[in-house]
Enquirer: 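My questions all concern the structure below.
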Amino acid sequence: MGSSWIAMVDCNNFYVSCERVFDPSLEGCPVVVLSNNDGCVIARSEEAKTMGIGMGEPAFRRRKFFESHGVRVFSSNYALYGDMSARVQQVLARFSPEVEPYSIDECFLLLRLKDDAALSSLAKDIRKTVRRWTGIPVCVGLARTKTLAKVANRLAKKRAEGQGVWMLDRPETIEQELSRLEVGEVWGIGRKNAARLARYNVRTALDLVRRPRDWVRRQLSITGLHTALELQGIPAIAFQEHPPAAKSVTCSRSFGVRIGEAAALEEALCAYVQRAAEKLRGRRLEAGVVQVFLATNRFVEEPQYSDSAVFSLPTPTAYTPLLQRAALDLLRKIYRKGYLYQKVGVLFLELIPRGQRQRSFAEYGHASEVCRQEELMRVLDGVNGRFGRGALRFAGDGLGPKAWHMRQEHLSRRYTTRWAELPVVR
DNA sequence: TCTGGGGTCCTAGGACCC
DNA sequence: TCTGGGGTCCTAGGACCC
């Protein structure tokens with residue numbers, strides 16, 4: 001009998017695997033990759049997991065341990081990981097015309113088969129091919145719904161006998177697996193919801209499935225109900241071959257050190273606006289609304305303050321100087337003297353595709369000015385695309401040394417992107 | 001000294017209108 | 001002058017994901 005299945009393909013320890021592809025000496029060693037600012041651990045090799053290094057652990061508390069145990073440490077290198085992710089997706093696209101990239105290291109595939117018996121050999125073939133062509137090891141979970149495919153993927157990772165593939169098809173085995181799965185581990189449930197469910201003695205995925213639908217809906221809202229249905233094999237979360245258009249674009253960073261002066265915050269914000277605007281243009285979008293936020297460090301015992309403010313642009317734009325001006329005005333509105341700040345950021349909202357903008361009356365008189373702006377941004381992005389981000393930038397983010405720059409003390413090279421051999425152009 | 005960043009979705013409550 | 005209900009829209013806050 002032919003039918004359709006969902007495959008969840010998830011790269012193993014993705015960031016670590018990317019580093020290993022280009023540095024085979026890392027094979028067999030404990031390896032960790034740190035978040036931006038070298039803040040906390042966001043990827044661990046199997047060896048590192050075995051040593052008890054936790055996901056999300058602050059790196060500074062582990063520094064000595066890393067040194068004494070020969071743990072190889074990397075700052076996150078998103079240029080590299082993004083490129084490797086695209087390669088993996090290209091390989092997966094050969095196995096199904098219906099692919100939904102879910103995150104940088106996960107894809108759902110819709111597999112329509114004439115004969116279900118071929119399913120597990122197809123999954124093994126996917127695994128082998130991705131490994132051979134990209135160097136990245138993956139695991140494949142197979143089931144009738146996305147949520148069950150995620151469960152199956154966990155099992156593929158955990159159970160060696162599956163050789164990286166696990167299928168959840170028979171109702172009895174599904175029930176058995178759900179009875180062993182903590183409800184908080186289910187995709188979409190999360191820690192807080194798990195704690196709430198525990199008060200009603202719902203501790204496993206099977207406990208949840210056995211509750212009446214209206215009860216689940218009351219406790220977990222409509223999204224939780226969808227999850228519960230999916231665990232029963234009833235598709236409730238759509239397969240999205242074409243991802244919906246983005247609703248927001250943002251850029252924010254924690255600083256290397258805390259900052260009190262407005263001038264330094266303004267420099268940092270200008271740089272983030274430039275970066276976010278670049279993303280905007282890369283996706284051929286324009287922003288209708290700008291939001292700026294800033295915050296002190298919640299981990300230290302100092303006076304705390306955070307706020308945000310929004311501004312609706314007269315016409316949507318992706319022109320960096322206009323966006324920077326709006327953002328700086330907002331920052332000046334919410335900035336309070338006397339605090340040490342940890343972070344500022346910018347969000348663009350009300351995004352519309354470029355060229356779909358309604359021209360304002362005033363703008364008709366400025367058509368050539370708008371063309372000039374677009375041309376300038378095209379040149380800017382072109383130069384930065386060729387010579388590296390930041391090769392050409394605005395003076396607003398400062399010419400002197402930057403206290404607000406993030407720490408990246410363990411960065412690997414940009415192996416896969418162009419000009420990797422050249423020093424950064426200044 | 002040192003604790004990520006970028007997204008999405010849902011709900012409750014208030015404002016406003018008829 | 002007072003009273004009512006229903007609908008829509010917006011926002012803030014909170015939850016989730018990787």
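Proteins come first, then strands; the chains are lettered A, B, ... in the order of their sequence lines, and each starts at number 1. Remember, predicted model here, so these are calculated numbers, not experimental data.
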Enquirer: Write down the distance between CG (A:Asn193) and P (C:dC16), rounded to a whole number of angstrom.
Expert: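 The answer, rounded to whole Å, is 5 Å.
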Enquirer: Using the C1' atom as the reference point in each nucleotide, state the distance between B:dC16 and C:dG4 in Å, no decimals.
Expert: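 Result for the C1' pair: 16 Å, nearest Å.
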Enquirer: Checking contacts here: which listed nucleotide (B:dC2, B:dT3, B:dG6) is nearest the side-chain heavy atoms of A:Pro58?
Expert: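 Given the options B:dC2, B:dT3, B:dG6, the side chain of A:Pro58 is closest to B:dT3.
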Enquirer: Quick check on DNA chain B: between A:Gly39 and A:Ser252, whose nearest nucleotide comes earlier from the 5' end?
Expert: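 Counting from the 5' end, the first nearest nucleotide belongs to A:Gly39.
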Enquirer: Could you point out which residue of A:Arg325, A:Glu278, A:Arg281 forms a side-chain hydrogen bond (donor to acceptor under 3.5 Å, both in side chains) with A:Thr320?
Expert: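 For A:Thr320, the side-chain hydrogen bond (donor to acceptor under 3.5 Å, both in side chains) test succeeds with only one of A:Arg325, A:Glu278, A:Arg281, which is A:Arg281.
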Enquirer: Considering Watson-Crick and G-U wobble pairs with both distances under 3.5 Å, what does C:dT11 pair with?
Expert: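 The answer is B:dA12, by the H-bond criterion.
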Enquirer: Describe the nucleic acid contact of A:Arg63 in one word from base, sugar-phosphate, nothing, applying a heavy-atom distance below 4.0 Å.
Expert: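 A:Arg63: no heavy atom of the nucleic acid under 4.0 Å.
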Enquirer: Considering just the side-chain nitrogens and oxygens of A:Gln342, establish if one lies under 4.0 Å of OP1 or OP2 belonging to B:dG4.
Expert: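 Looking at the OP1 and OP2 atoms of B:dG4, neither is under 4.0 Å from any side-chain N or O of A:Gln342.
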Enquirer: Does A:Lys150 put a side-chain nitrogen or oxygen below 4.0 Å from OP1 or OP2 of C:dC18?
Expert: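 So the side-chain polar atoms of A:Lys150 do come within 4.0 Å of the phosphate oxygens OP1 or OP2 of C:dC18, strictly under.
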Enquirer: Taking A:Asp10 for the side chain and A:Cys139 for the main chain, is one N or O donor matched with an acceptor at less than 3.5 Å?
Expert: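 Absent.
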Enquirer: Can you establish whether the number of heavy atoms outside A:Lys49 located under 6.0 Å from its atom NZ is more than 12?
Expert: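 Yes.
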Enquirer: Is A:Arg298 atom CZ crowded by more than 12 heavy atoms from other residues, nucleotides or ligands, each under 6.0 Å away?
Expert: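 Open.
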Enquirer: Report, as yes or no, whether the 6.0 Å neighbourhood of atom CZ on A:Arg63 holds more than 12 heavy atoms from other residues, nucleotides or ligands.
Expert: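 Yes.
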Enquirer: Take the protein atom CG of A:Asn297 and the nucleotide atom P of B:dT1, then report the distance between them rounded to whole Å.
Expert: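 Result: 12 Å.
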Enquirer: Could you tell me the separation between the CG atom of A:Asp105 and the P atom of C:dC18, rounded to a whole number of Å?
Expert: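 For the pair A:Asp105 CG and C:dC18 P, the rounded distance is 9 Å.
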Enquirer: Measure the distance from CZ on A:Phe293 to P on B:dG7 and round it to the nearest whole Å.
Expert: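 One finds 11 Å between P of B:dG7 and CZ of A:Phe293, rounded.
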Enquirer: For A:Phe255, is the NZ or CZ atom of A:Lys343 found under 6.0 angstrom from the centre of its six-membered ring and inside 45 degrees of the ring axis?
Expert: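 No; the conditions do not both hold, so A:Lys343 does not lie above the ring face of A:Phe255.
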Enquirer: Relative to the 5' end of DNA chain B, which residue comes earlier, A:Ala245 or A:Gly56, by the nucleotide with the nearest heavy atom?
Expert: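 Between the two, 5'-proximity favours A:Gly56.
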Enquirer: With a 4.0 Å cut-off on heavy atoms, is A:Arg258 in touch with a base, just the backbone sugar-phosphate, or nothing at all?
Expert: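 The residue A:Arg258 makes sugar-phosphate contact but no base contact.
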Enquirer: Quickly work out the A:Phe108 CZ to C:dC17 P distance and round it to whole Å.
Expert: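 These atoms are roughly 12 Å apart.
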Enquirer: Does NZ or CZ of A:Arg144 fall inside the cone over A:Trp5's six-membered ring, less than 6.0 Å from its centre and within 45° of the axis?
Expert: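 Here A:Arg144 passes the 6.0 Å and 45° test against A:Trp5.
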Enquirer: Provide, to the nearest angstrom, the distance between the CD1 atom belonging to A:Ile104 and the P atom belonging to B:dG5.
Expert: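 One finds 16 Å between P of B:dG5 and CD1 of A:Ile104, rounded.
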Enquirer: Indicate, with a heavy-atom threshold strictly under 4.0 Å, whether A:Ala59 touches base, sugar-phosphate, or nothing.
Expert: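 Since no nucleic acid heavy atom lies under 4.0 Å of A:Ala59, the category is nothing.
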Enquirer: Out of B:dT8, C:dC16, B:dG5, which nucleotide sits closest to the side chain of A:Ser254?
Expert: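 Out of B:dT8, C:dC16, B:dG5, the nucleotide with an atom closest to A:Ser254's side chain is B:dG5.
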Enquirer: Let's see if you can work this out: which of B:dG5, B:dG6, B:dC2 has an atom nearest to the side-chain heavy atoms of A:Lys279?
Expert: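 Looking only at heavy atoms from C-beta outward on A:Lys279, the closest nucleotide is B:dG6.
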Enquirer: Counting heavy atoms from C-beta on, name the nucleotide in B:dG7, B:dG4, B:dG6 closest to the side chain of A:Ser248.
Expert: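 Of B:dG7, B:dG4, B:dG6, B:dG7 is nearest to the side chain of A:Ser248.
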Enquirer: For A:Arg94, I'd like to know if atom CZ has over 12 heavy atoms of other residues, nucleotides or ligands within 6.0 Å.
Expert: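 Result for CZ/A:Arg94: open.
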Enquirer: Using atom names, set out every protein N or O paired with an N or O of nucleotides 9-11 of chain B below 3.5 Å, distance rounded to 0.1 Å.
Expert:
from: B:dC9; atom 1: OP2; to: A:Lys247; atom 2: NZ; distance (Å): 2.9
from: B:dT11; atom 1: OP1; to: A:Arg217; atom 2: NH2; distance (Å): 3.0

Enquirer: Round to a whole Å and report the spacing from CG of A:Leu347 to P of B:dG7.
Expert: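 After rounding, the reported distance stands at 8 Å.
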Enquirer: Between P on B:dG6 and CG on A:Asn36, what's the gap in Å once rounded to a whole number?
Expert: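 Rounding to the nearest Å, CG of A:Asn36 and P of B:dG6 are 7 Å apart.
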Enquirer: Which nucleotide sits closest to the side chain of A:Glu106: B:dC2, C:dC18, B:dG4?
Expert: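 It is C:dC18.
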Enquirer: Any strand is fair game: report the nucleotide pairing with C:dG6 by Watson-Crick or G-U wobble, both distances under 3.5 Å, or none.
Expert: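 Base partner found: B:dC17.
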Enquirer: Does A:Lys343 place a side-chain N or O at less than 4.0 Å from the phosphate oxygens OP1/OP2 of B:dG5?
Expert: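 Yes, because at least one side-chain N or O of A:Lys343 sits under 4.0 Å from OP1 or OP2 of B:dG5.
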Enquirer: At 4.0 Å (heavy atoms only), tell me whether A:Val41 reaches a base, stays on the sugar-phosphate, or touches nothing.
Expert: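 No contact at all - A:Val41 keeps every heavy atom at 4.0 Å or more from the nucleic acid.
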Enquirer: Do you know which of A:Glu230, A:Glu100, A:His226 makes side-chain hydrogen bond (donor to acceptor under 3.5 Å, both in side chains) with A:Lys146?
Expert: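 One option only clears the test, and that one is A:Glu100.
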